[in-house]
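Here is the structure we will look at.
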2 protein chains.
Amino acid sequence: MDLRQLRYFVAVAREQNFSRAADKLHIAQPPLSRQIQQLEEELGVNLLDRSKRPLTLTEAGRFLYQQATRTLVNIDHIKEQTQRIGRSQRERFVIGCVGSTLYGGIPDLVRRMRAQWPELDIEISEMMSTEQVTALKDGRIDVGFGRVRFNDREVERLTLREERLVVALPKGHAKSLPKDPIALIELQDEPLIVYPSTPRPSFADEILNLLGELDVVPASVEEVREIQAALGMVAAGMGLCIIPAASQRQRPDDVCYRMIADENATSPIIMSYRRADANGRIKQVKQLISEMYAANPPWLQLSNIRLPSSH
Amino acid sequence: MDLRQLRYFVAVAREQNFSRAADKLHIAQPPLSRQIQQLEEELGVNLLDRSKRPLTLTEAGRFLYQQATRTLVNIDHIKEQTQRIGRSQRERFVIGCVGSTLYGGIPDLVRRMRAQWPELDIEISEMMSTEQVTALKDGRIDVGFGRVRFNDREVERLTLREERLVVALPKGHAKSLPKDPIALIELQDEPLIVYPSTPRPSFADEILNLLGELDVVPASVEEVREIQAALGMVAAGMGLCIIPAASQRQRPDDVCYRMIADENATSPIIMSYRRADANGRIKQVKQLISEMYAANPPWLQLSNIRLPSSH
DNA sequence: CGATTTCCATACCGAGGAGGTATAGTAGCG
DNA sequence: CGCTACTATACCTCCTCGGTATGGAAATCG
């Protein structure tokens, strides 16, 4: 698959007509036909219904049209941005973090960093925990904040805190009524939704391991790409979901949350960085983080709620 | 710029070595060098610092590496998804909506649609209001939910409701303390953050027009790409931001919100669809929406809060 | 219903560019 | 300074993209 083929396909889909599309692309019609054919052949899918005029898109074609349009725009943006950065010559510091930390300490940290280093271009890139390791090693990011423990010789990691987990339940679910902590064993035979579906291992595996250790078997396990989708499905009554406490903030009012009673139902926030960088800005970032934790901000209080002692 | 060039560049960036990258790509080294040179030439930017070994990326190269990796993965996903849809042959119904509606009625609507039409594959695609018009016309989406009024012969629109606007202020800001509605005139000489930056016209323009009509001139106007960034900047103390009331849910506890007192400070939710489709599923969707509104769900209450009558 | 128009697919040809090989030039290291 | 490792340059070959000519199917119209 080629960008040219995508551009061509978008043109044909937009015009619903090969000849007009070819005009707009400033090429002749036969080469255009061939490119679309090759694209269809490579995908093994019919993108257009050629049996009547004007041409209509198949469902697959409609999807590809939508995605291709978006991708092409993205690539233009990437091009411009790359040129802009190339011209500006300012130092950049890229933070890779899992989505949940955007509702935790990251904004506060960035604010402190901007104040301390106004000459620095700081960028945030959302990525899964496992992706952060390779992204660190080959320099795409300078620091990572994730949830999955991993070992790598080049990467040093620091557990910032353990965050308690909560169960998200649909409003009206029988088990959503009690407000006290819930035991994981109660999730037996409930439909469970986990995220993210890729890449592995991920937060989804942490949750499944946690349940596995207790021999808790859900009625079903559905994997979705991201937490928004997971909570959406919970709100729609399709199952339960286990999330870090601080992520409740994303959807406070149409989903019920119950703290999990099991002592080990926590998920860490792990900062990771290249061992070689440990003494540069990273050291100062650690300093900023400890100042931040000392200030005991609201998001920290939410994730640190202690269980009522049961003895 | 070509996908091949991106793949090649990613390989070189990952290996920090042309020869090894060429091996992995199963091509010889000289063509690889040439492709990278051409890429750099097209962008007018140095991507690699070749003056020392091992090769290092420039800041621009680092950015492109990060983005290109992501784009290539996306394209693989698009490919797989397209093939999957091509095989399944199920009918799809694609909803295009602005982000704020994901915190409003969309999840509820989707739940009702899924219940009513289990055989239908429903998909949600986030897109700006203006993008929805063209997306509707050329079949990328089947219905749109947006905030900007527009006219188009082929597209019919229906204003579902007018949602009140609120000002988001940093915690600790002088004007964040009163809890009563704030007049827009009070935003005079405050730094303002608006979104989205593209495409125009957008919600950002609606806000700027609203202020312009009242001759309110902010101290500065910064445009950011999306509401998350806008609220993040508000939380970081960099300015104020005007958002629809329901979007408060996204970030309830480290930003303060004040209802806007001006009577016309509202933003509509507009449903739009192809005129030709008005009597198919669209009619039933309208029915579902009116049932939904009749149930007076929590997100509706939030956005419908009436101003205390001032007379 | 048949003639005409419109439009897409097929066949074949020429030019540009991608990749290969050989080799020169340069950084890193002892 | 000389060796090794690695990238850039020069030149060649072949693939493939795009162009032209033409056949065939669908829509249009009298």
Side-chain angles (χ1 to χ4, degrees), chain A residues 1-58 60-62 64-65 68 72 75 86 138-139 276, chain B residues 1-58 60-62 64-65 68 72 75 86 138-139 276:
Chain A
M1 198 155 74
D2 192 352
L3 282 191
R4 179 182 39 242
Q5 290 177 328
L6 290 185
R7 289 202 186 91
Y8 286 5
F9 174 67
V10 166
V12 172
R14 179 173 296 136
E15 300 291 332
Q16 299 190 320
N17 180 310
F18 276 73
S19 310
R20 275 201 307 275
D23 276 355
K24 297 232 166 169
L25 293 168
H26 304 295
I27 63 171
Q29 169 263 317
L32 179 59
S33 290
R34 265 208 352 211
Q35 290 296 330
I36 303 297
Q37 282 170 29
Q38 285 177 9
L39 181 61
E40 287 179 310
E41 200 171 329
E42 182 185 344
L43 295 173
V45 168
N46 272 21
L47 298 172
L48 296 162
D49 181 4
R50 295 169 169 79
S51 70
K52 25 181 168 298
R53 313 271 165 67
L55 296 178
T56 56
L57 294 171
T58 62
R62 217 155 70 98
L64 183 63
Y65 178 31
L72 293 174
I75 287 182
D138 49 41
Chain B
M1 198 156 74
D2 191 352
L3 281 190
R4 178 180 44 241
Q5 291 177 326
L6 290 185
R7 289 202 184 89
Y8 286 5
F9 175 67
V10 166
V12 172
R14 179 173 296 137
E15 300 290 333
Q16 299 191 319
N17 180 311
F18 276 73
S19 310
R20 274 201 307 275
D23 277 354
K24 297 232 167 167
L25 293 168
H26 305 295
I27 63 171
Q29 169 262 316
L32 179 58
S33 289
R34 265 210 349 214
Q35 289 297 329
I36 303 297
Q37 282 169 28
Q38 286 178 9
L39 181 61
E40 286 179 311
E41 200 169 330
E42 183 185 344
L43 295 173
V45 168
N46 271 20
L47 298 172
L48 296 162
D49 180 5
R50 296 168 167 80
S51 69
K52 29 181 165 297
R53 313 275 166 64
L55 296 178
T56 55
L57 294 172
T58 62
R62 216 155 71 98
L64 183 62
Y65 177 31
L72 292 173
I75 286 184
D138 50 40

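- With rounding to the nearest 0.5 angstrom, the CG atom of Leu3(B) is 5.5 Å from the CD1 atom of Ile75(A).
- Atom CG of Leu64(B) is separated from atom CD of Gln5(B) by 10.5 Å, given to the nearest 0.5 angstrom.
- Under the salt bridge (charged side-chain N to carboxylate O under 4.0 Å, His left out) criterion, Glu15(B) pairs with Arg20(B), Lys24(B), sequence neighbours left out.
- With sequence neighbours excluded, the residues satisfying side chain to side chain donor-acceptor pair (under 3.5 Å) with Gln29(B) are Ser33(B).
- Proximity of Leu48(A) to Thr58(A): side-chain heavy atoms (C-beta onward) are nowhere separated by under 4.5 Å.
- Summary of helix geometry: the two end axes of the helix from dC1(C)-dG30(D) to dG30(C)-dC1(D), each defined by five base pairs via their C1' atoms, are inclined to each other by 40° (rounded to 10°).
- Interface residues of residues 3-11 of chain B facing DNA chain C, ordered by number: Arg4(B), Tyr8(B); criterion, heavy-atom separation under 4.0 Å.
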Can you check side-chain contact (heavy atoms from CB on, under 4.5 Å) on Leu39(A) and Tyr8(A), steps first, answer last? CA-CA 10 Å; Leu39(A) 181 61; Tyr8(A) 286 5; over 6 Å; no
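- Summarising the geometry of Val12(B) relative to Phe18(B), their closest heavy-atom pair is CG1-CE1, 4.0 Å, with the distance given to 0.1 Å.
- For DNA chain C, the residues of residues 15-34 of chain A within the heavy-atom distance limit of 4.0 Å (strictly under) are Asn17(A), Phe18(A), Ser19(A), Gln29(A), Pro30(A), Ser33(A), Arg34(A), sorted by number.
- With rounding to the nearest 0.5 angstrom, the CD atom of Gln37(B) is 10.0 Å from the CG atom of Leu32(B).
- Note that the CG atom of Asp138(A) and the OH atom of Tyr65(B) stand 3.0 Å from one another [nearest 0.5 Å].
- A straight line from CG of Leu55(B) to P of dG28(C) spans 10 Å, rounded to a whole angstrom.
- Annotation: the span from Gln35(A) atom CD to Leu6(A) atom CG amounts to 11.0 Å, rounded to 0.5 Å.
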List the steps, then state whether side-chain contact (heavy atoms from CB on, under 4.5 Å) holds for Arg34(A) with Gln38(A). CA-CA 6 Å; Arg34(A) 265 208 352 211; Gln38(A) 285 177 9; 4.1 Å; yes
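- Between Leu47(B) and Phe9(B) the shortest heavy-atom distance is CB-CE1, 3.7 Å.
- For the contact set between residues 35-49 of chain B and DNA chain D, defined by any heavy atom under 4.0 Å, the members are Gln37(B).
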